[in-house]
Amino acid sequence: MFEKEQELIEKKIKEFCISNDIPLAELKWQPIPFSGEWGFATSFFQTAANEARAGKGGKPIPQRAQEMAEQVKGILRLAAQDGSVDGISRIDAVKGYLNLYFSTAVYASRVVDEVLASSLDFGRGAKKNERVMVEYAQPNMLHSFHIGHARNTILGEVLARLVEFAGFETIRASYPGDIGLGVITIVWAYDKFYKGLEPEGIHERGQWLLKIYVEATAMLEKKENETSEETAQRESYETERRDMYRKWDVGDTYVRELWKTLLEWSMEELRDILRMLDAKIDVWFYESEVDEPSKIIVDELIAKGIATDERPQGGAVIVKIDEKLGLTKEKFRTNVILRSDGTTLYLTKDLALAKVKFEQYHVDRSIYVVDVRQSLHLQQAFAILKLWGFPQAEKCHHLGYGFVSLPEGAMSARRGRVVLFKNVADEAVKRVLAVESEKRGDIPEGEREQIANQIGLGALVYSMLSVDNNKDIVFDINEALSFDGRTGPYIQNAFVRANSILKKSGNLAAGTQVNTSFNYELTRHEIELIEQISRFPQTVEQAANEYRPLVMAAYAYDLANTFHSFYHAVNVLQTEDEKIRNARLQLVMAAKQTIENALRLLDIQAPEVM
RNA sequence: GCCCCCGUAGCUCAAUGGAAAGAGCAACUGCCUUCUAAGCAGGAGGUUGUGGGUUCGAAUCCCGCCGGGGGCGCCA
């Protein structure tokens, strides 16, 4: 916003330092803390330390830094007099810092005009010539979608939105685990005990498969004090299950068809959940589809001398990663990329998948949103890709996240101890509707339901984003669905309030009007709101660079918080002076737009009323 | 044995080298005939696990220790 002014000031500081033989350190700018008045600042501690190290000075560092700040202040003041630093109202030297205060009116109209002119694109980064793939939503099929999967999907979707908005071409990829012993277990149990049955409803049907899984697991599990009869039955079930997996592997028509049918039920459920979360996946990779190609890769890796084939000695195919990289200390260790029986592993498939990502989708960067416990596994995969010769391997990034557990312990699909996302979302909507019908009986019921959906999901989504991704979450439904304080609805409410002011003013459509004049004494609340709005673009950049949705989540709250305070302190519609009233309306419009943009990045909808 | 993450207010979490460590929840005090109280304002709450080190400056970086969680060649 003040890049030109900043550049000019930097130039002056450099000139000053050169002519006084001062070894200037890199100039780092930051906003001045504490408001009332705002601007940006830089300190001279580092420069003073440099000077001391060079053997000059002899004064304490803080004192010398302050001296420099004062001298620079003097120079800049002279420059300001001849009009060359327009927009800066005041310069201060405090505690070694040089503080440059903005001219309120200039800054305010620059910020507000920019937001209104770019509207939905406010904060969007310049186009980068890089294609990024974000892989997330990798649930095991036929298991139903629990809140752990929800954390993954929400993080992935928000990361994709951030990266995209920051200017990268972005591809969203999902990688469902559509095959494996767990999946076959359900197919087997369905075939044996429930063949032909099919519950009504996408989610009911999907969740029913999970129940079958829990039952089947119990049947297949060795119990204490089994009778010999029970043992025999369990073992025969086990044989049937293994047999079915073998049949799947060789492409047996009956098993494949049945598997496809159940898989489709589960996929419908998944697609509906992704629809609820507004996650539009561009590319679907299926585990079953990379199985065969990955075997070819193993041969290639052996031929290149990267992998070691120990099968002749009765072993597996392994990669001694540390050794191949020439590392002396244990880091990536050694891992198996093909079982001794020739079947593939997760790692094998991940190599095949990466190859497809690089060669078929030409991605320059690849982000994996995966449970933090798979960190070593992914580091191994990336290291092998590097050995294999893919330059993009350097730009593979694992966004790990802590796992989601329940107050009673870890979730377990096999034991049926899971909290399903759909159930929580339904409960969320129910709770919002209860509040809604009490407070807003005037809103038609159909509309209320839609709003309840937006708010309920907003609460849930925000609760997943407001904790840094490396932290574990103990899922507490009351906490996740709280509507007070630091929550999704709090932010949505700020949006609604802004909207409400604009609606009542009848000035809703004036968004393209620019050149707002803020030539009056702004209140502290207006200034803080403008400052907060102006931080949005850099927040987008930071969140995208650091792969941290939390940064945006925290910002959205701060922005909403500032707006709520403004809302109470400044009555826009009752402002008598028409010019001031208009300026404030423009400001409200800008705030509304910025909240909307932030919410969109957080995958939270912005209701017009609530 | 090796590696990774975490330890900040009673609780849940922010702040990743800069000015006096911030929010929410819980508890307390005020504010709805005034643009929606899912809100605002205010007071209270801290030796940032611990001991060293680096630095002008450390919650942040380095080393040790204590406590918690996770991972480590044929699971995903």
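These numbers come from a predicted model, not from an experiment. Here is how names work: the chains are called A, B, and so on, in the same order as the sequence lines, proteins then strands, and each is numbered from 1.
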Would you say a side-chain N or O of R339(A) is under 4.0 Å from OP1 or OP2 of C75(B)?
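Yes, because at least one side-chain N or O of R339(A) sits under 4.0 Å from OP1 or OP2 of C75(B).
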Whole Å only: how far is the CD atom of E330(A) from the C1' atom of G71(B)?
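To the nearest whole Å, that distance equals 12 Å.
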Nearest-angstrom distance, C1' atom, C31(B) to C13(B)
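The answer is 28 Å between these two C1' atoms.
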Residues E596(A) and K592(A) bridged, charged N to O under 4.0 Å
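No, E596(A) and K592(A) are not salt-bridged.
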Starting at NZ of K349(A) and ending at C1' of A76(B), how long is that distance when rounded to a whole Å?
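It works out to 9 Å between those atoms.
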For I455(A), answer base if it contacts any base atom (sugar-phosphate contacts may also be present), sugar-phosphate if it contacts only those atoms, and nothing otherwise; contact means non-hydrogen atoms under 4.0 Å.
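Base contact.
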How would you label the contact of V372(A) with the nucleic acid (heavy atoms, under 4.0 Å): base, sugar-phosphate, or nothing?
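Here V372(A) touches no strand at all.
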Please work out if V588(A) contacts a base, only the sugar-phosphate, or nothing of the nucleic acid, heavy-atom cut-off 4.0 Å.
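Since no nucleic acid heavy atom lies under 4.0 Å of V588(A), the category is nothing.
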Write down the distance between CD (E576(A)) and C1' (U34(B)), rounded to a whole number of angstrom.
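In whole Å, U34(B) C1' lies 13 Å from E576(A) CD.
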In whole Å, measure the gap between the P atoms of A41(B) and U54(B) for me.
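Straight-line distance between the two P atoms is 44 Å.
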Please determine whether the number of non-hydrogen atoms from other residues, nucleotides or ligands lying under 6.0 Å from atom CD of E541(A) exceeds 12.
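Check fails, neighbour count at 12 or below.
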Do the rings of H149(A) and F145(A) sit parallel, tilted or perpendicular, given the 30° and 60° boundaries?
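Taking F145(A) first and then H149(A), their aromatic rings sit tilted (interplane angle of 30° to 60°).
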So how far is it from I306(A) CD1 to I384(A) CD1, rounded to the nearest 0.5 Å?
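Output value for this atom pair is 9.0 Å.
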Using the P atoms only, state how far A27(B) lies from C61(B), rounded to an integer number of Å.
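About 36 Å, rounded to a whole number of Å.
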Proximity to the side chain of N571(A) - top-ranked nucleotide from C74(B), U34(B), A15(B):
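So the nucleotide nearest the side chain must be U34(B).
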Residue whose closest nucleotide on RNA chain B lies nearer the 5' end, I179(A) versus Y490(A)
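First, find each residue's nearest nucleotide; the 5'-ward one identifies Y490(A).
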Looking only at the side chain of S565(A) (C-beta and beyond, no hydrogens), which of the listed nucleotides A41(B), A14(B), A19(B) gets closest?
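From the listed options, A41(B) comes nearest.
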If you measure from the C1' atom in G49(B) to the same atom in G7(B), how many Å do you get, rounded?
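Comparing C1' positions in G49(B) and G7(B) gives a spacing of 6 Å.
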Please determine if a side-chain N or O atom of N470(A) lies less than 4.0 Å away from the OP1 or OP2 oxygen of C6(B).
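True: N470(A) side-chain N/O within range (under 4.0 Å) of C6(B) OP1/OP2.
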Atom pair distance, as rounded to whole Å: CD in Q380(A) and P in G71(B)
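Rounded to the whole Å, the gap is 14 Å.
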Please figure out whether V570(A) or A316(A) has its closest RNA chain B nucleotide nearer the 5' end.
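Comparing both residues, the 5'-ward one is V570(A).
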Check every atom of C56(B), A15(B), G71(B) against the side chain of L376(A) and return the nucleotide holding the closest atom.
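Closest nucleotide to the L376(A) side chain: G71(B).
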Taking a pair as Watson-Crick (N1 to N3 plus N6-O4 or O6-N4) or G-U wobble (N1-O2 and O6-N3), both under 3.5 Å, which stems of 3 or more consecutive pairs involve RNA chain B?
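As far as RNA chain B goes, consecutive pairing (with distances under 3.5 Å) yields the stems B:1-7 with B:66-72, B:10-13 with B:22-25, B:28-31 with B:39-42, B:49-53 with B:61-65.
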Look at the side-chain N and O atoms of R373(A) and state whether any lies under 4.0 Å from the OP1 or OP2 oxygen of C4(B).
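For R373(A), the contact criterion (side-chain N or O under 4.0 Å from OP1 or OP2 of C4(B)) is not met.
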Since syn is defined as within 90° of 0, does C61(B) count as syn or as anti?
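Classified anti.
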Would you name the heavy atoms of E436(A) and I443(A) that are closest together and state the gap between them?
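Smallest heavy-atom distance, with atoms named: OE2-CD1, 4.0 Å.
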Between L378(A) (CG) and A76(B) (P), how many Å, whole number?
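The distance from CG of L378(A) to P of A76(B) comes to 14 Å, rounded to the nearest Å.
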Should the pair Y368(A) and F382(A) be assigned to parallel (<30°), tilted (30 to 60°) or perpendicular (>60°) ring geometry?
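Answer is tilted, since the angle falls between 30° and 60°.
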Nucleotides 21-27 of chain B: protein proximity per nucleotide (B base, S sugar-phosphate only, - neither; heavy atom, under 4.0 Å):
--SSS--
Hey, are T343(A) and R339(A) close enough side-chain-wise for a donor-acceptor pair under 3.5 Å?
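Yes, because at least one side-chain N or O of R339(A) sits under 3.5 Å from a partner of the opposite role on T343(A).
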In whole angstroms, how far is the P atom of G69(B) from the CG atom of L406(A)?
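Taking atom P of G69(B) as the reference, CG of L406(A) is at 17 Å.
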Do R151(A) and Y401(A) meet the cation-pi criteria used here (NZ or CZ under 6.0 Å from the six-membered ring centre, within 45° of the axis)?
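No, R151(A) and Y401(A) do not form such a contact.
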Around atom CD of E578(A), are there more than 12 heavy atoms of other residues, nucleotides or ligands at under 6.0 Å?
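Not buried by this count: 12 neighbours or fewer within 6.0 Å.
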Considering only A37(B), C40(B), A76(B), which nucleotide approaches the side chain of H568(A) most closely?
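Per side-chain heavy atoms of H568(A), the pick is C40(B).
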Using a cut-off of 4.0 Å on non-hydrogen atoms, how would the nucleic acid contact of V496(A) be classed: base, sugar-phosphate, or nothing?
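Contact class for V496(A): base.
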Are R440(A) and E447(A) within salt-bridge range, i.e. N to O under 4.0 Å?
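Salt bridge between R440(A) and E447(A), a charged N being under 4.0 Å from a carboxylate O: no.
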Reckon R440(A) has a side-chain N or O less than 4.0 Å from the OP1 or OP2 of A37(B)?
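For R440(A), the contact criterion (side-chain N or O under 4.0 Å from OP1 or OP2 of A37(B)) is not met.
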Between Q532(A) and D558(A), does any side-chain donor sit less than 3.5 Å from a side-chain acceptor?
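No.
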Selection from C40(B), C75(B), G1(B) that lies nearest to any side-chain heavy atom of L345(A):
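The nucleotide sitting nearest to the side chain is C75(B).
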For salt bridge (Lys or Arg N to Asp or Glu O under 4.0 Å), just list the numbers for R373(A) and D371(A), CA-CA rounded to whole Å, side-chain angles, deciding distance to a tenth of an Å, and then say yes or no.
CA-CA 5 Å; R373(A) 285 171 294 187; D371(A) 190 326; 2.6 Å; yes
NA contact type, R548(A), heavy-atom cut-off 4.0 Å: base, sugar-phosphate, or nothing?
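Touches sugar-phosphate only.
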NA contact type, E287(A), heavy-atom cut-off 4.0 Å: base, sugar-phosphate, or nothing?
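Sugar-phosphate: the residue E287(A), judged by heavy atoms under 4.0 Å, touches backbone atoms but no base.
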What integer distance in Å separates M141(A):CE from A76(B):P?
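About 16 Å, once rounded to whole Å.
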For the C1' atoms, the ones on G24(B) and on U8(B), what distance do you get once it is rounded to whole angstrom?
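The answer is 15 Å between these two C1' atoms.
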What distance, rounded to whole Å, do you find between the two C1' atoms, one in U50(B) and one in A58(B)?
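So the two C1' atoms sit 16 Å from each other.
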Looking at A76(B), A14(B), C74(B), which one has an atom nearest to any side-chain atom of S340(A)?
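Nearest to the side chain of S340(A) among the choices is C74(B).
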If I pick the C1' atom on C28(B) and the same atom on G43(B), what distance separates them, to the nearest angstrom?
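My reading of the C1' atoms in G43(B) and C28(B) gives 8 Å.
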Look at all strands and tell whether Q574(A) reaches a base, only sugar-phosphate, or nothing, counting heavy atoms closer than 4.0 Å.
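Sugar-phosphate contact only.
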Using the P atoms only, state how far U12(B) lies from G51(B), rounded to an integer number of Å.
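G51(B) and U12(B) have their P atoms separated by 23 Å.
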Rounded to whole Å, how long is the line connecting atom CD1 of I61(A) with atom P of A19(B)?
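About 18 Å, once rounded to whole Å.
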Give a yes/no answer on whether the side chain of K471(A) brings an N or O atom under 4.0 Å of OP1 or OP2 in U12(B).
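Looking at the OP1 and OP2 atoms of U12(B), neither is under 4.0 Å from any side-chain N or O of K471(A).
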Distance-only donor-acceptor check, side chains Q71(A) and E67(A), under 3.5 Å
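No, no side-chain donor-acceptor contact under 3.5 Å.
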When all nucleic acid strands are considered with a 4.0 Å heavy-atom cut-off, which category describes D476(A): base, sugar-phosphate, or nothing?
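Nothing: the residue D476(A), judged by heavy atoms under 4.0 Å, touches no strand.
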